Amino acid sequence: MNDQPTTPERLAQAAQPQPPGVSAWPPGHRIDGFEFRGVVALRATAIVYRGWDHGLEVPVALKEYLPAAIARRGPDGDIGPAEPAQAEAFERGLRAFIDEGRRLARCDHPSIARVLHLLPAHGSACLVMPWYAGRPLAELRREMSGPPDEPALRALLDALLAALHEWHRVNGVHGGLHPAGVLLLDDDRPLLLGPGYAERAIARGGLTALEPGFSAPELDSDATRVGAWTDVYALAQLARFAITGLLPPPAGRTPEPLAGVVERLFFDHPSARYGAALLATLDAAVSPDIGARPQSIVDFAAWLAHGPPRRPAARSAPTLAPFSFSAADVPPARAPDAATVDLIQRVIDTLPPATPRREPAAMHERAAPSLEPPPRDGVAGWMFAAFALAAALGLGVWWKETHEAARPLPPAPAATAPAIVAPPPAATETAPPPADNPPAPSQEPA
């Protein structure tokens with residue numbers, strides 16, 4: 001990403017003349033064998049000089065604690081609070097400045113700025129560091145014509161991940177990662193600077209967000225929730241800035257997914273191609289939800305390689321639904337074969353026609369006859385009834401034929417002589433007996 005080579009002329013031009021209104025040491029001033037040769041950068045709580053170590057005869061960087069908002073340099077060169085009411089904040093910031101220097105000195109990593117010496121002098125302190133030829137990442141990205149390709153971005157992330165892993169091992173949470181706090185050296189090696197403890201100490205006396213958008217929301221809302229995931233958030237926002245060149249939204253707001261951003265960038269910058277695992281990991285790492293981010297630097301590195309793991313779906317407690325029954329629960333009726341259909345039809349033909357039922361006129365006025373086909377469950381019911389009727393009739397015919405064939409014939413009557421019937425008596429003129437007294441039967445033989 002940094003294509004500017006190191007040259008002696010560039011190193012010589014790195015020292016700038018003292019800006020007006022800044023109470024900095026003039027070139028040539030010495031403290032314990034270290035010479036101040038010009039102002040390199042102005043920070044909120046310090047002035048950075050290009051220096052020279054006369055003992056080792058090597059260039060160095062000198063960082064002097066001087067918070068311009070609350071401190072002044074006196075005529076004798078001593079630094080102190082500008083107002084008596086600011087003395088406590090000045091001392092709090094000075095202690096934090098020294099603590100940061102000692103923490104940097106404990107880390108031995110090529111991508112972490114080192115501290116060689118601590119010089120207490122003139123009521124303040126000065127950190128002696130190696131001279132690093134490089135430029136802030138924020139400045140370099142503004143000058144780039146387009147985003148870096150994926151190999152360059154992954155190389156940047158790998159180096160910063162290793163630096164943060166070492167910092168966490170020795171000092172805990174960094175909390176001050178942002179593009180202006182990362183130098184890109186001439187060999188394209190990123191260099192992580194200090195976390196800015198003095199600025200936080202002066203502002204609130206603890207961890208506070210120095211760069212809105214790059215700092216995780218828990219830095220301001222709840223310091224007890226700060227952890228490795230806080231630096232993961234800042235590193236992911238730094239990578240997104242390298243891709244888009246845009247500052248992130250304020251902390252707590254979910255940014256636009258990177259896939260859509262990269263798709264728009266591709267029209268102007270065809271080299272802006274990134275794998276799905278990289279984009280998905282950077283999106284997850286900037287989530288306001290701490291649990292959705294990688295929980296450590298090791299997790300972040302694994303996600304970058306393979307993508308975020310799938311989160312199990314939340315399981316809800318089982319609920320007992322009330323019992324219900326519908327036509328959908330009935331299995332579909334099977335179509336009868338041709339023989340069955342023929343049997344049903346012959347049985348139906350033998351049935352006498354039903355007498356039409358007369359209904360009141362109001363029944364016919366209720367609704368017009370529907371032209372829609374009958375429901376599926378109604379057809380199944382009629383077919384089942386017809387099949388049952390046919391079965392019953394067939395069973396009855398079979399029973400009748402079987403029992404009639406098996407019934408024995410009655411015996412034939414024996415042959416006898418024909419009976420002689422006496423002729424009826426002759427009619428007389430006597431009157432018939434009354435109906436109440438019928439005649440007695442005759443006792444004479446035939």
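Worth saying up front: this structure is predicted, and the values here are computed from it rather than measured.
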Undergrad: Given 3.5 Å as the limit, does a donor-acceptor pair link the side chain of S111 with the main chain of P190, or not?
TA: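 Yes.
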Undergrad: For the rings on F97 and F90, is their centre-to-centre separation under 6.0 Å?
TA: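 Distance test on ring centres: not under 6.0 Å, no.
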Undergrad: Evaluate whether atom CZ of R273 has more than 12 neighbouring non-hydrogen atoms of other residues, nucleotides or ligands under 6.0 angstrom away.
TA: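 Not more than 12 within 6.0 Å, no.
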Undergrad: Under 4.5 Å between any side-chain heavy atoms of L156 and L238, yes or no?
TA: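 They are in side-chain contact.
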Undergrad: Within the structure provided, determine whether E57 and W52 are in side-chain contact (heavy-atom separation under 4.5 Å).
TA: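 They are in side-chain contact.
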Undergrad: Atom OG1 in T281, atom CG in L258: separation rounded to 0.5 Å?
TA: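 If I round to the nearest 0.5 Å, the distance is 10.5 Å.
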Undergrad: Mark yes when over 12 heavy atoms from residues, nucleotides or ligands other than E256 sit less than 6.0 Å from its CD; otherwise mark no.
TA: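 Yes, CD of E256 has more than 12 neighbouring heavy atoms, counting only those of other groups under 6.0 Å.
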Undergrad: Hey, is the main chain of A201 close enough, under 3.5 Å, to the side chain of R92 for a donor-acceptor pair?
TA: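 Such a contact is found between R92 side chain and A201 backbone.
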Undergrad: Checking L304 against L157 for the side-chain contact (heavy atoms from CB on, under 4.5 Å) test, could you report, in this order, the C-alpha distance in whole Å, the side-chain angles of both residues, the deciding distance, and whether it holds?
TA: CA-CA 9 Å; L304 286 171; L157 288 173; 4.2 Å; yes
Undergrad: If you define the side chain from C-beta out and look only at heavy atoms, does anything of R72 sit under 4.5 Å from S23?
TA: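 Of all side-chain heavy-atom pairs linking S23 with R72, none is under 4.5 Å.
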Undergrad: When rounded to the nearest 0.5 angstrom, what is the spacing between CZ in R102 and CD1 in I98?
TA: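 If we round to the nearest 0.5 Å, R102:CZ and I98:CD1 are 6.0 Å apart.
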Undergrad: Taking C-beta and beyond as the side chain, do R141 and P147 meet within less than 4.5 Å on heavy atoms?
TA: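 They are in side-chain contact.
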Undergrad: So which heavy atom on A292 is nearest to which on S287, and how close?
TA: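 Smallest heavy-atom distance, with atoms named: CB-OG, 3.7 Å.
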Undergrad: More than 12 heavy atoms of other residues, nucleotides or ligands under 6.0 Å from NE2 of H165: is that the case?
TA: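 Result for NE2/H165: open.
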Undergrad: Working to the nearest 0.5 Å, report the span between NE2 of H29 and CD of E64.
TA: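 If we round to the nearest 0.5 Å, H29:NE2 and E64:CD are 8.0 Å apart.
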Undergrad: Strictly distance-based, threshold 3.5 Å: is any side-chain N or O of E166 a donor or acceptor partner for the main-chain N or O of C107?
TA: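 It does not hold such a pair.
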Undergrad: To the nearest 0.5 angstrom, please state how far the CZ atom of R200 sits from the CD atom of E100.
TA: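 The CZ atom of R200 sits 8.5 Å away from the CD atom of E100.
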Undergrad: Show, in sequence, the C-alpha distance, side-chain angles and deciding distance for C126 and W25, and conclude whether the side-chain contact (heavy atoms from CB on, under 4.5 Å) test is met.
TA: CA-CA 12 Å; C126 186; W25 290 116; over 6 Å; no
Undergrad: Below 4.0 angstrom, N of the basic side chain to O of the carboxylate: do R240 and D283 qualify?
TA: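 Salt bridge: yes.
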Undergrad: Side-chain contact test, heavy atoms from C-beta onward, threshold under 4.5 Å: evaluate it for V286 versus P248 and give yes or no.
TA: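 The answer is no, as the side chains (C-beta and beyond) never meet within the 4.5 Å cut-off.
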Undergrad: Under 4.0 Å between a Lys/Arg side-chain N and an Asp/Glu carboxylate O for D99 and R103?
TA: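 Result for this pair is yes, salt bridge flagged.
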Undergrad: Please name the pair of heavy atoms, one in Y65 and one in A198, separated by the smallest distance, quoted to 0.1 Å.
TA: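 Answer, listing the atom of Y65 first, then A198: CE1-CB, 4.3 Å.
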Undergrad: Do F36 and L62 pass the side-chain contact (heavy atoms from CB on, under 4.5 Å) test, and can you show the C-alpha distance, the side-chain angles, and the key distance before you say yes or no?
TA: CA-CA 8 Å; F36 293 79; L62 302 171; 3.7 Å; yes
Undergrad: Can you confirm whether the side chains of E218 and T230 place a donor and an acceptor under 3.5 Å from each other?
TA: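 A pair is found: one side chain offers a donor N or O, the other an acceptor, under 3.5 Å apart.
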Undergrad: Would you indicate whether the side-chain heavy atoms of W303 and P309 approach each other to under 4.5 Å?
TA: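 Yes, side chains in contact.
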Undergrad: Are any non-hydrogen side-chain atoms of L183 and P136 less than 4.5 angstrom apart?
TA: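 They are in side-chain contact.
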Undergrad: If you compare all heavy atoms of A163 against all heavy atoms of L192, which two are closest, and at what distance to 0.1 Å?
TA: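 The answer is CB-CD2, 4.4 Å.
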Undergrad: Do you know which two heavy atoms are closest between L265 and A272, and how far apart they sit?
TA: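 Answer, listing the atom of L265 first, then A272: CB-CB, 4.4 Å.
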Undergrad: Please check if the number of heavy atoms outside E139 that lie under 6.0 Å from its CD is greater than 12.
TA: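 Yes, enclosed.
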Undergrad: Do T45 and L66 pass the side-chain contact (heavy atoms from CB on, under 4.5 Å) test, and can you show the C-alpha distance, the side-chain angles, and the key distance before you say yes or no?
TA: CA-CA 5 Å; T45 58; L66 201 163; over 6 Å; no
Undergrad: What are the two closest heavy atoms between V232 and S296, and how far apart are they?
TA: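 The answer is CG2-O, 3.9 Å.
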Undergrad: Between atom CG of L160 and atom CG of L137, what is the distance when rounded to the nearest 0.5 Å?
TA: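 Taking CG in L160 and CG in L137, the distance rounds to 8.0 Å.
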Undergrad: Hey, is the main chain of P110 close enough, under 3.5 Å, to the side chain of R189 for a donor-acceptor pair?
TA: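 Looks like yes, one N/O pair under 3.5 Å.
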Undergrad: Please report the closest heavy-atom contact between D231 and G175, naming both atoms and the distance.
TA: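 Of all heavy-atom pairs spanning D231 and G175, the closest is OD1-N, 2.8 Å.
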Undergrad: Please report the interatomic distance CG(L177) to CH2(W167), rounded to the nearest 0.5 Å.
TA: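 CH2 of W167 is found 11.5 Å from CG of L177.
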Undergrad: May I ask you to test the V115-V128 pair for a side-chain heavy-atom distance under 4.5 Å?
TA: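 Not in contact.
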Undergrad: Take atom CD in Q295; do more than 12 heavy atoms of anything else shown fall under 6.0 Å from it?
TA: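 For Q295, atom CD is crowded (more than 12 foreign heavy atoms under 6.0 Å).
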